[in-house]
> 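First, the structure itself, so that you have it in front of you.
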Amino acid sequence: MKDTHKHKGLRNQLVSTIKNKGIEDENVLNAIAKVPRHLFMDSGFVDFAYQDKAFPIAAEQTISQPYTVAFQTELLEVKNGDKILEIGTGSGYQTAVLIEMGAKVYTIERQKELFKKTNLFLPKLGYAPKRMIFGDGYKGLPTEAPFDGIIVTAGAPFVPKPLLAQLKIGGRLVIPIGDDTQVMTLFIRTADKKFEKYELGNFKFVPMLKKKN
Ligand code: SAH
């Protein structure tokens with residue numbers, strides 16, 4: 001597991017690219033500059049790690065595009081020490097970005113193969129989540145709720161009610177909603193039964209699926 005001077009240089013270029021695309025939060029940009037994305041990819045794709053593109057990982061899933069990771073993370077407004085729930089661990093790249101920003105991360109993955117792989121890999125890299133769960137993200141994680149933020153990294157056909165219920169007052173849920181393409185949607189819980197909703201542009205994600213396998 002090597003992170004060289006060259007990789008760091010490529011990461012700085014990637015940071016410029018996503019800055020030009022509109023990401024402003026310095027904490028997000030610093031985290032992208034630090035997390036060695038090439039180590040989260042299968043060896044055949046390592047040369048592409050610092051292009052602003054999604055790429056295949058195991059089990060027909062993808063590592064999200066860096067701009068998308070940055071966009072979702074910016075919407076979460078992560079502060080040091082925040083308790084964050086992530087649905088869709090995948091490669092663990094988004095998880096590492098959140099941990100780099102000082103978040104305590106709980107992350108759920110429904111694919112056994114990916115769960116096992118990332119569960120071993122993240123701590124080795126020094127990015128240990130609070131908990132990694134093999135389970136169904138539609139249910140959230142009621143035993144650890146409430147959360148300052150919840151981020152869904154797969155395309156959801158609708159907003160799962162348990163996720164809204166597991167937000168603190170003032171908490172934020174960032175979720176791409178839709179079937180073929182998704183609308184990035186931000187919910188802010190402003191009171192016990194009150195939510196603000198914002199729609200923030202179209203994205204393309206792998207689908208959020210029910211049932212584990
Ligand atoms: N955050 C990841 C993105 C992975 S793609 C990364 O940075 O690499 C989305 C992930 O969501 C896939 O790994 C997929 O298996 C997972 N997923 C899909 N439906 C899910 C569900 N219901 N619960 C938990 N994870 C789910």
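In listed order, ligands and their atoms are each counted from 1. Start at 1 with the first residue, then count along the sequence.
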> Rounded at 0.5 Å granularity, tell me how far CG in N202 sits from CG in D180.
11.5 Å

> With nothing but distance in play, are any N or O atoms of I87 less than 3.5 Å from an N or O of ligand 1?
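Among all N and O atoms of I87, none is under 3.5 Å from an N or O of ligand 1.
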
> Could you name the option among E113, E109, Q65 that has the heavy atom nearest to atom 15 (O) of ligand 1?
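Closest candidate by heavy-atom distance is E109.
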
> Pick, from Q72, Q61, E60, the option with the minimum heavy-atom distance to atom 12 (C) of ligand 1.
Q61

> Sort out for me which residue in K2, K8, H7 forms a side-chain hydrogen bond (donor to acceptor under 3.5 Å, both in side chains) with T4.
H7

> Can you tell which of T153, I57, I63, L209 gets a heavy atom nearest to atom 9 (C) of ligand 1?
T153

> Nearest heavy atom to atom 8 (O) of ligand 1: which of S91, A54, G90 does it belong to?
S91

> Assess K210 for proximity to ligand 1: is some non-hydrogen atom of it under 4.0 Å away?
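No.
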
> Less than 4.0 Å is my threshold; does some heavy atom of T89 fall inside it relative to ligand 1?
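Per 4.0 Å heavy-atom rule, T89 contacts ligand 1.
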
> With atoms numbered from 1 as shown, which atoms in ligand 1 lie under 4.0 angstrom from a non-hydrogen atom of Y93?
7 (O)

> Would you check whether G137 has a nitrogen or oxygen atom less than 3.5 angstrom from a nitrogen or oxygen atom of ligand 1?
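Min N/O separation from ligand 1 is below 3.5 Å for G137.
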
> Which of the atoms in ligand 1, numbered in the order shown and given with their element, are less than 4.0 Å from a heavy-atom of E86?
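Per the distance check, 1 (N).
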
> Closer than 4.0 Å to some heavy atom of Q94 - which atoms of ligand 1 meet that?
1 (N), 7 (O)

> Under 3.5 Å, is there a donor-acceptor pair between the side chain of Y50 and the main chain of H38?
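Confirmed, Y50 side chain pairs with H38 backbone.
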
> Would P207 count as a contact of ligand 1 if the rule is a heavy atom under 4.0 Å away?
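Contact present.
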
> Does the distance from a Lys or Arg side-chain N to an Asp or Glu carboxylate O, for K117 and D42, drop under 4.0 Å?
yes

> Is any N or O atom of S64, backbone or side chain, closer than 3.5 Å to an N or O atom of ligand 1?
no

> Are Y127 and Y93 an aromatic pair by the rule of ring centers under 6.0 Å?
no

> If the test is side chain to side chain contact (heavy atoms under 4.5 Å, CB included), which one of I108, I87, T143 qualifies with I133?
I108

> Specify whether F158 and Y138 have parallel, tilted or perpendicular ring planes, treating 30° as the upper limit for parallel and 60° as the lower limit for perpendicular.
tilted

> Purely on distance, is any nitrogen or oxygen of Q111 under 3.5 Å from one on ligand 1?
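Not met; the criterion fails.
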
> Classify the side-chain pair E196/T190 by whether it contains a donor and acceptor separated by less than 3.5 Å.
no

> Does NZ belonging to K83 count more than 12 external heavy atoms closer than 6.0 Å?
yes

> How about K116: does its NZ atom have over 12 heavy atoms from other parts shown lying under 6.0 Å from it?
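Atom NZ in K116 is not packed in, count stays at 12 or less.
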
> Pick out which of T89, T73, T153, T107 makes a side-chain hydrogen bond (donor to acceptor under 3.5 Å, both in side chains) with Q94.
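Running side-chain hydrogen bond (donor to acceptor under 3.5 Å, both in side chains) over T89, T73, T153, T107 with Q94 returns exactly one hit, T73.
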
> Within the 4.0 Å heavy-atom shell around T62, which atoms of ligand 1 are there?
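Counting atoms of ligand 1 from 1, those under 4.0 Å from T62 are 3 (C), 4 (C), 5 (S), 8 (O).
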
> Is the positively charged end of K197 above the ring of F187, judged by distance under 6.0 angstrom from the centroid and angle within 45° of the axis?
no

> Specify side chain, backbone, both or neither for M208, according to which of its non-hydrogen atoms lie closer than 4.0 Å to ligand 1.
both

> I'd like to check whether Y138 has a polar contact with ligand 1, where a contact means an N/O of the residue lying under 3.5 Å from an N/O of the ligand.
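Looking only at distances, the answer is no, because the N/O contact criterion of under 3.5 Å is not met.
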
> Output the list of atoms in ligand 1 that are nearer than 4.0 Å to some heavy atom of I108, sorted by atom number.
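This gives 24 (C), 25 (N) as the contact atoms.
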
> Within ligand 1, which atoms have a heavy atom of V206 less than 4.0 Å away?
5 (S), 9 (C)

> Would you say L114 and ligand 1 have an N/O pair spaced under 3.5 Å apart?
no

